[in-house]
Amino acid sequence: MVDLIEKKRDGGQLTKEEIAFIIKGYTDGSIPDYQMSALAMAIYFNGMSTDETAYLTMAMVESGDQIDLSGIEGIKVDKHSTGGVGDTTTLVLAPLVAAVGVPVAKMSGRGLGHTGGTIDKLEAIPGFHVEIDNPEFNRLVNTNKLAVIGQSGNLTPADKKLYGLRDVTATVDSLHLIASSIMSKKIAAGADAIVLDVKTGAGAFMKTLEDAKALASAMVQIGNQVGRKTMAVISDMSQPLGFAIGNALEVKEAIDTLSGEGPEDLRELCLVLGSQMVFLADQASSLEEARTKLEEVIQNGKALETFKIFLAAQGGDASVVDEPERLPTARYTFEVLSKESGYVSEIIADDIGTAAMILGAGRATKESEIDLAVGLVLHKKVGNPVQAGETLVTIHSNSENIEEVTKRIYDSYTISTQPVEAPPLVYCEIKA
């Protein structure tokens, strides 16, 4: 291990066998944390080649369980988002793409941060559960083209261990380590093809467009190099996506979007990502044809019907689709009114997300309890005109104590006297 640390420190390239030796030794404990820390720092400063990053990714995949989806017919396509505020895309995308005939075998997790993860949001629907075994998971996907299961406890244990180490050794911000970490989990989950939604802006992990493009390109390279067809979209997270932030509120927004209504930015991003998924699954000969198919299943109601079938198959009360008032509802609503007239020039996504978390919509720690009913609904986005006294945000709360939340909302909004252009929703697409 000392020789390999020295090799990387001096700018050398590690071989497939050397990386396999490192990951196996670190996972079984024969390589100690202090040596792995030294290697992580050497990688942080010297980077990794495309080959090295692919070898590292697959070594982490092979360190634990791999989900076998071979019993599911067709090309299985997975989607990964680098996360953000109000990111409801999976709730819309999964039934939308399944309605076109693409099998969506989704492994999701619970959220730590502003709002819940996909599973938390789905559990706002009474009765819905993800505790199903693999044979039932495969059967549901073959029957309905869609199922969601919780994350396995032993997927990519090397990545979990290495991430914990990077977190305390100032080596998290290594492009190659981030890319291999994300892709190892997606590949271990069994997908044949992967679509990546890489966010950029104030509410994203990658704050600049240049960094987001570099990460997306690295992940697309890894995917294609290890035999998974991979594409990426760089999308905006300088302000929250859609209007709703909070679990039951986001479920309602997903229902609206699948019905052909809902926020325009959420609908458009789902059509862009969904087009890539349908194309990679060989269900369309071009992205344009894929988009047309997706628009058709929204218009003819098939996307919404697929969502209902999916919910019912996993124990959920599908009547919430037609009667969203059956979803958990907060005891109080409060209007946050604009103090001035003008145009919304900025919404700091992170601050809005933190306001939702204070209400109970997210987890500050793993032990935090989520309140599925609470959250925020935005009425004004960047570029919108606003009059003094108009509602900026509606707070949905189970407490009357909302002073801190209200302050954060006001602090996150900037009103300009001059008209402002809304930021682009999609900056670019990165293909193989």
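Since the structure is predicted, the reported quantities are computational estimates derived from the model, not experimental observations.
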Determine, step by step, whether E136 and R139 satisfy the salt bridge (Lys or Arg N to Asp or Glu O under 4.0 Å) criterion, reporting the C-alpha distance in whole Å, the side-chain angles of both residues, the deciding distance to 0.1 Å, and the verdict.
CA-CA 5 Å; E136 176 67 359; R139 187 191 71 78; 2.9 Å; yes

Where is the tightest heavy-atom contact between [X] and [Y], given as atom of each residue plus distance?
X: P424; Y: D236; answer: O-CB, 3.1 Å
X: I255; Y: F307; answer: CG1-CE2, 3.8 Å
X: L165; Y: S37; answer: CD1-OG, 3.4 Å
X: L96; Y: C270; answer: CD2-O, 4.3 Å
X: P263; Y: T257; answer: CD-OG1, 3.8 Å
X: Y413; Y: K380; answer: OH-O, 2.7 Å

Exam field: side chain [X] to backbone [Y], donor-acceptor pair closer than 3.5 Å:
X: T200; Y: M206; result: yes
X: S63; Y: M60; result: yes
X: N398; Y: V374; result: no

Just checking, any donor-acceptor pair under 3.5 angstrom between side chains of [X] and [Y]?
X: S319; Y: D317; result: yes
X: K79; Y: T89; result: yes
X: D159; Y: S181; result: yes

Indicate yes or no: at least one non-hydrogen side-chain atom of N144 is less than 4.5 angstrom from one of V141.
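With C-beta onward as the side chain, the pair stays apart.
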
Criterion side-chain hydrogen bond (donor to acceptor under 3.5 Å, both in side chains) against H379, the qualifying member of T391, T394, N384:
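Only one of T391, T394, N384 forms a side-chain hydrogen bond (donor to acceptor under 3.5 Å, both in side chains) with H379, namely T394.
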
salt_bridge([X], [Y]) N-O dist < 4.0 Å:
X: D350; Y: K207; value: yes
X: K76; Y: D78; value: no
X: E17; Y: K24; value: no
X: K381; Y: E264; value: no
X: K302; Y: E305; value: no

Applying side chain to side chain donor-acceptor pair (under 3.5 Å), name anything that partners D322, two or more places apart in sequence or on another chain.
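By the side chain to side chain donor-acceptor pair (under 3.5 Å) rule, D322 matches K308.
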
